[in-house]
2 protein chains.
Amino acid sequence: MPTKTYYNLPEEKRLKVESAAIAEFATNPLQSASVNAIVSEAGIAKGSFYQYFENIDDLYVHILGIIYKKKLEVINSLPLDSANLDTFRYLRRVLQAAVEFQIKYPDFASIERFRRMNSNHSSSVDPETGERISGDGRFHAFLTQGILHDDIATWVDVEMAAFILEIIEGGIAPYLVERIGEKAPDIMSGTLSAGYDRTTQDLFDNLMDILEAGLARDPQIRKDFYSK
Amino acid sequence: MPTKTYYNLPEEKRLKVESAAIAEFATNPLQSASVNAIVSEAGIAKGSFYQYFENIDDLYVHILGIIYKKKLEVINSLPLDSANLDTFRYLRRVLQAAVEFQIKYPDFASIERFRRMNSNHSSSVDPETGERISGDGRFHAFLTQGILHDDIATWVDVEMAAFILEIIEGGIAPYLVERIGEKAPDIMSGTLSAGYDRTTQDLFDNLMDILEAGLARDPQIRKDFYSK
DNA sequence: GTACAATATGACCGGTCAGTCATACCACCC
DNA sequence: GGGTGGTATGACTGACCGGTCATATTGTAC
């Protein structure tokens, strides 16, 4: 963790260091990120850096903490239409948060992407339950709840489906943002935060239709199912 | 491309260089791969390296070519049940090839994974048609054909669905192999190549059921749809 | 043998890297 | 003035990097 000296710094200086670090980590994986680049970008001496942080890893986890806070902010800023979201509304919300995060903080999203690639284990086994969990287990819990609530088909292999949702969540945001950027550049500019325009909503609807059709216990009859 | 000198080398020496390179590229992204590590692992002098290759990128694309050949081999080694596979059988085949490749050549799979992360564009726009294509466009063509054949629902956003299949293909293999390794270690050992055991087939069935339900025009009634 | 071309070699060069440390600076108190 | 503790600095070290090149070795033809 950063030293007491670092927290004694005037905020302006701290922010300069942090934004230099963010720029570096967003363009280089931790492995090839450079302390020299950060200090020169931040306008501080190299010796100062080592008075603030033990090493570059120390700074890295500090930045990860900042990212985590911002991510919670984004999730909580999304409109919550009802206290108890049904299963697929919840999923939509999660994916929407990922897109929102990508738009608002592309550097943070990039850092997270680098982090995902470096953590090479695709899944791990929970020592208590013996269950195989992907990522942080959010989707695993989501699917288990969904089955209990009769929203998710019982035959779905929860562990695998959780993994699939995990990688979709990780990969879909930059893609959707790229497409949104084409059709609705006004959204990208910043002010229009939570509410997406029609084009964007259509894209989201399509994604959710695919996911819901794939996972739901009682998928709605398809739009063109009998209307061919 | 490698020099004439390189191709004049005795095969044994060439293989030693290549396997050293493969080991290096499988554990480091190109950006941080080390010529020194390769030459010391291969037991050749640094000067020799630069008589064989222009630089490390040159060697890298040479290795990519080897990987590409092996991949075609794997795909063609899969049993082809019928000349004209229907849409979802074809998809299953593609995913199965990815798993097979991961088992047989994990280093190659790792190199490809590094390559995917480095190519940061999630999709590109075809200058001729104006269509947005993900990856090499295989899935895009697959989905388009599927719609023509009445196998894929017409409402599916082809570009987005292609992207999703792309990232599933890229991510699912290590995960499935991890799970296969638990239940059926005999498959991993090598000899049992194309035919998977029951556990593995069940996993695959589940994956295909999810994908088919999500994308198909006329998904089969779910196993538990009316039998609750 | 000699001559010539192909190949092999590792010391060396300029550069970047993370991390250190003696020194300097500065604010505050006496 | 002097003393003290916190902070800032950048030259320096040793290691590694990609790439070069003069020299040595080997193969081949005569």
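Lettering of chains follows the sequences in order, A, B, ..., and the numbering in each one begins at 1.
Going from atom NZ of B:Lys16 over to atom C1' of C:dA8 covers 14 Å, rounded to whole Å. Rounded to whole Å, atom P of C:dA18 lies 12 Å from atom CD of A:Gln31. Summarising the geometry, the separation between CG on A:Asp58 and P on C:dG19 is reported as 11 Å, rounded to the nearest angstrom. As rounded to whole Å, 11 Å separates atom P of D:dT28 from atom CG of B:Asn8. Between the CD1 atom of A:Ile38 and the P atom of C:dC17 there is a distance of 11 Å, rounded to whole Å.
Within the 6.0 Å centre-distance limit, the rings of A:Tyr6 and A:Phe53 are counted as a close aromatic pair. Residues A:Phe25 and A:Tyr60 place their aromatic rings such that the two centres sit under 6.0 Å apart.
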Base-contact (B) and sugar-phosphate-only (S) positions in nucleotides 14-27 of chain D, heavy-atom cut-off under 4.0 Å, - elsewhere: ---SBBBB------
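A salt bridge is absent between A:Lys70 and A:Asp107; no separation between the charged side-chain nitrogens and carboxylate oxygens falls under 4.0 Å.
Side chain of A:Ser110 to main chain of A:Pro106: no donor-acceptor pair is present (N/O by atom type, distance under 3.5 Å, no hydrogens or angles). A:Glu24 contributes no side-chain N or O that, together with a main-chain N or O of A:Val35, makes up a donor-acceptor pair within less than 3.5 Å.
In this structure, A:Lys4 reaches neither bases nor backbone, as no heavy-atom distance under 4.0 Å exists between it and the strands shown.
Checking the phosphate oxygens (OP1, OP2) of D:dG6, no side-chain nitrogen or oxygen of A:Thr5 falls inside 4.0 Å. Contact check, B:Tyr52 against C:dA8: a side-chain N or O comes under 4.0 Å of OP1 or OP2.
Using a 30° and 60° split on the angle between ring planes, A:Phe142 and A:Phe139 fall in the perpendicular class, above 60°.
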